[in-house]
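Everything below concerns the one structure shown next.
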2 protein chains.
Amino acid sequence: MQDALTRKLESFEELTNEDRGALNALTLKVRQVRARTDLIHEGDAPDTVHLILDGYACRYKVLADGQRQIMAYLVPGDFCDLNVFILDQMDHSIGTITACQAVDIPRQAIEAITADHPRVTRALWWCALVDEAVLREWLVNLGSRPANHRIAHLLCELLLRLEAVGRVTSNSYDFPFTQSDIADTMGLSNVHVNRTIRELRELGLVALKHRTVTILDVERLKAYCGFNPNYLHLRNTRWSNRRSVPWLSSGHGG
Amino acid sequence: MQDALTRKLESFEELTNEDRGALNALTLKVRQVRARTDLIHEGDAPDTVHLILDGYACRYKVLADGQRQIMAYLVPGDFCDLNVFILDQMDHSIGTITACQAVDIPRQAIEAITADHPRVTRALWWCALVDEAVLREWLVNLGSRPANHRIAHLLCELLLRLEAVGRVTSNSYDFPFTQSDIADTMGLSNVHVNRTIRELRELGLVALKHRTVTILDVERLKAYCGFNPNYLHLRNTRWSNRRSVPWLSSGHGG
DNA sequence: CGCCAGCTTGAGAGGGCTCAACCCGTGTGG
DNA sequence: CCACACGGGTTGAGCCCTCTCAAGCTGGCG
């Protein structure tokens with residue numbers, strides 16, 4: 001059941017069998033949540049950490065004018081807000097995109113496992129820091145890239161993140177987001193998202209239909225949007241190139 | 001010297017004299033850094049945590065086309081990347097805006113103080129989580145607000161953050177950012193930033209000159225851009241209203 | 001006194017938005 | 001088996017927010 005979690009943690013840090021055993025023992029109560037439902041709502045007092053076992057969810061806020069902004073996608077294995085219970089109240093909501101299997105892990109369970117399993121602790125830390133790095137890259141996306149690169153970048157990111165948890169086969173993965181979801185993620189109108197996706201399709205970069213996306217030419221798509229995977233801090237995957245930013249290193253060489 | 005830090009932590013969590021003593025004992029080597037200089041650079045391997053004692057700095061990335069995106073402002077007392085040394089390499093740079101007094105606190109010092117001072121640990125946690133919350137709000141800013149509200153929102157945020165560290169007098173604070181800095185922060189052109197600031201000035205909301213900003217009507221500015229301070233998770237300040245989002249609490253049901 | 005970074009303003013262009021219609025697949029009910 | 005509704009995708013047309021290019025201005029400093 002928590003293949004996804006173990007797999008994710010191991011993409012950051014090698015674990016022992018003992019570590020894995022402790023993680024498996026974690027499963028307390030799996031919540032089945034239907035699509036388009038809140039896991040936790042802005043203003044609630046958090047005392048648990050959320051772990052998505054299966055399905056997609058997102059963090060979002062709704063502004064006074066009804067505008068929704070999505071700030072993160074949560075995919076299987078995402079295990080975040082490592083210490084949200086320190087804060088007094090949620091400043092955003094988490095809602096499902098698809099039906100999800102989720103676990104609410106109480107604070108005590110976290111403290112217990114981290115006390116005895118330093119590798120797990122380290123891997124969880126890694127997760128939390130990567131989450132923040134992803135947030136920063138999304139900010140770059142919204143602030144510095146035009147619509148077509150923005151969406152291409154998102155598709156690249158999801159490819160790598162989902163591959164790290166074994167949810168990609170031959171460059172295809174589940175893509176249950178509506179165009180309005182993408183619009184609210186990218187700070188675009190849904191009309192423009194539609195036109196932009198068409199553009200990516202016409203360029204032969206991606207195929208997107210029936211809630212599934214296929215990256216037709218990964219290298220070209222990455223080059224197209226200037227995708228640099230360093231912010232995902234992945235290890236043990238085919239993408240884990242540890243080079244620094246090409247144009248910052250010596251003489252455009254490397 | 002580290003008034004700023006103690007003050008900041010205490011805006012989140014009450015400390016004992018003993019805690020304060022431990023914090024004061026932290027001062028190892030204060031770095032004097034001139035303006036417009038990198039504290040740490042993308043690609044470097046981090047093994048210390050940065051604390052700004054005085055001056056302003058920022059996190060940023062530079063894209064292949066030379067476009068700079070600023071992702072955070074660091075003001076006196078900002079003490080962040082609590083555990084960046086877990087990651088292998090920096091995925092962004094930190095550079096000063098003004099001359100700064102900064103401290104690089106080695107990993108060991110962090111681990112030592114947090115081992116014995118749970119209140120401090122908790123306050124540091126709080127800091128890290130607030131940092132992430134600010135990042136999320138910036139994403140909302142870029143994704144969902146027009147230029148004028150965006151900049152107004154930034155000015156509101158800085159007012160509250162700086163006030164929490166005692167750097168605001170009669171709604172004025174130091175504002176050493178160039179219009180290009182703001183442009184690279186807000187995903188706008190510097191020309192448009194200029195026009196937008198003029199607009200805010202003409203509306204009588206702010207006065208901005210000689211590297212100092214004065215908020216002429218705080219309540220009106222907050223209303224203007226729909227500012228909700230909940231994401232800063234401040235305590236012990238005149239802004240710490242703990243209510244949830246007004247338009248979510250009543251009316252639209254629960 | 002002259003340079004230079006940063007600020008200001010004008011004019012024209014374009015990326016993305018809004019409004020609005022239409023299409024399509026699916027589910028529901030008669 | 002067909003009628004209809006409905007969410008989501010697609011397309012067109014016109015507009016406007018913001019961008020780019022370009023010039024002129026201002027103030028601090030060597």
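Here is the naming used below: chain letters follow the sequence lines, and residue numbers restart at 1 for every chain.
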Electrostatic pair Asp104(A)-Lys29(A), nearest N-O below 4.0 angstrom: no
Any side-chain N or O of Gln179(B) less than 4.0 Å from the OP1 or OP2 oxygen of dT8(C)? yes
Tell me: CG of Asn190(A) to C1' of dG16(C), nearest whole Å? 12 Å
Taking only the side-chain nitrogens and oxygens of Arg201(B), find out if one of them lies under 4.0 Å from OP1 or OP2 of dT8(C). yes
Option from Asn148(B), Leu142(B), Asn141(B) for which side-chain contact (heavy atoms from CB on, under 4.5 Å) with Arg145(B) holds: Asn141(B)
State which of dT18(D), dG10(C), dG16(C) makes the closest approach to the side chain of Arg195(B). dG10(C)
Testing dA11(C), dT18(D), dT18(C) for proximity to the side chain of Ser189(A), the answer is dT18(C)
Between C1' of dG6(C) and CZ of Arg36(B), the distance in whole Å: 11 Å
Any donor-acceptor N/O pair under 3.5 Å between dG9(D) base and Arg198(A) side chain: no
If the condition is ring-ring contact (aromatic ring centres under 6.0 Å, His included), which residues does Tyr56(A) pass it with, not counting sequence neighbours? Phe177(A)
Between Asn194(B) and Gln179(B), do the side chains contain an N or O donor and an N or O acceptor separated by less than 3.5 Å? yes
Taken to the nearest 0.5 Å, the spacing of Tyr73(B) OH from Leu158(B) CG works out to 7.5 Å
Side chains of Ser93(A) and Glu42(A): do they bring a donor and an acceptor to under 3.5 Å? no
Which of these nucleotides, dG16(C), dT18(D), dA11(C), is closest to any side-chain atom of His192(B)? dT18(D)
If only side-chain N and O atoms of Asn194(A) are considered, is one of them under 4.0 Å from the OP1 or OP2 phosphate oxygen of dG9(D)? no
Check the distance between dG16(C)'s P and Leu142(A)'s CG and give it to me in whole angstrom. 12 Å
Mind telling me whether His153(B) and Tyr231(B) have parallel, tilted or perpendicular rings, with 30° and 60° as the class edges? parallel
Rounded to whole Å, the CZ-C1' distance (Arg145(A) to dG16(C)) equals 18 Å
Sole residue of Gln32(A), Arg167(A), Gln101(A) in side-chain hydrogen bond (donor to acceptor under 3.5 Å, both in side chains) with Asp54(A): Arg167(A)
May I have the distance from Ile182(B) (atom CD1) to dT18(D) (atom C1'), rounded to whole angstrom? 16 Å
Rounded to whole angstrom units, what separation is found between the CG atom of Asp181(B) and the P atom of dA5(C)? 15 Å
5'-most by nearest nucleotide on DNA chain C - Pro146(A) or Val191(A): Pro146(A)
Using whole Å, what does the distance between atom P of nucleotide dG8(D) and atom CD1 of Ile97(A) come to? 11 Å
Hey, can you pull the residues of residues 202-213 of chain B with a non-hydrogen atom under 4.0 angstrom from DNA chain D? none
Mind calculating the distance between CD1 (Ile197(A)) and C1' (dG16(C)) to the nearest angstrom? 15 Å
Secondary structure of DNA chain C per the Watson-Crick/G-U criterion (both distances under 3.5 Å; [ ] crossing, | other strand, . unpaired) is ||||||||||||||||||||||||||||||
Among Thr214(B), Val168(B), Val75(B), which one satisfies side-chain contact (heavy atoms from CB on, under 4.5 Å) with Tyr173(B)? Val168(B)
Asp181(A) and Tyr60(A) side chains, donor-acceptor separation under 3.5 Å: no
Which sits closer to the 5' end of DNA chain C, Gly187(A) or Ser180(B), going by the nucleotide each is nearest to? Ser180(B)
